[in-house]
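Along the sequence shown, the residues carry numbers beginning at 1. Owing to the predicted nature of the structure, the values given are computational and were not obtained by experimental measurement.
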Amino acid sequence: MKIATLALLGALGAFGATVPAYAEVMTVKCESKDEKEEVCRLPANVNQVVMRKQLSDKDCERGQNWDVRKKGGNDELWVRRGCRAEFEVRYGNR
């Protein structure tokens, strides 16, 4: 599978297509306690946030009990209603 992916990326590059590259990737653990909203700070220039591992018994659904929002020019991750999870954050210059 990895060889096929690399071959595809190489072919795209040969035709001048750009493949997004991220400067940094980090894991952020964010946990809602007692059903309350918790806000976890994110680095500057966030490109993508995906949930990688749910830690709670309660479901974690984007837009329902977790998401990312802009506040004061910065991105922040929020969780609520018992959602506890590890999130992969891609950030930096593309």
### Message
Test your reading of the model: is there a side-chain donor-acceptor pair from N65 to the backbone of D59, 3.5 Å cut-off?
### Response
yes
### Query
Are the side chain of R81 and the backbone of Q64 linked by a donor-acceptor contact shorter than 3.5 Å?
yes
### Query
Salt bridge check: are K58 and E35 linked by an N-O gap of less than 4.0 Å?
yes
#### Entry: With V89, the side chain to side chain contact (heavy atoms under 4.5 Å, CB included) member among T27, N47, V49
V49
### Query
Checking S56 side chain against C83 main chain: does a donor-acceptor pair fall under 3.5 Å?
no
## Note on the structure
Here the pair of heavy atoms bringing V46 nearest to Y91 is CA-CB, 3.9 Å
## Note on the structure
Taken to the nearest 0.5 Å, the spacing of R80 CZ from C30 SG works out to 11.5 Å
### Query
Should we say atom CZ of R41 is surrounded by more than 12 heavy atoms from elsewhere, each under 6.0 Å from it?
no
### Query
Can you name the nearest heavy-atom pair linking Q54 to C60, along with the distance?
OE1-N, 3.3 Å
### Query
Would you say the side chain of K71 lies within less than 4.5 Å of the side chain of V39, judging by non-hydrogen atoms?
no
### Query
Should E86 and L55 be marked as a side chain to side chain contact (heavy atoms under 4.5 Å, CB included) after you check the CA-CA gap, both sets of side-chain angles, and the distance that decides it?
CA-CA 7 Å; E86 290 178 356; L55 304 172; 4.0 Å; yes
### Query
Out of curiosity, does V68 fall in the hydrophobic cluster containing V79 (side-chain heavy atoms, cut-off under 4.5 Å, transitive links)?
yes
### Query
Of the non-hydrogen atoms in M51 and F87, which two are nearest, and what is the gap between them?
CA-CD2, 3.6 Å
### Query
Can V50 and Q48 be said to form a side chain to side chain contact (heavy atoms under 4.5 Å, CB included), step by step?
CA-CA 7 Å; V50 293; Q48 181 182 40; 4.1 Å; yes
### Summary
What one should report as the nearest heavy-atom pair of G82 and S32 is N-OG, 3.1 Å
#### Entry: Close side-chain approach of E88 to V25, heavy-atom, < 4.5 Å
yes
### Task
Evaluate the criterion side chain to side chain contact (heavy atoms under 4.5 Å, CB included) for residue pair V28 and M26; output intermediate values, then yes/no.
CA-CA 7 Å; V28 174; M26 67 184 290; 3.8 Å; yes
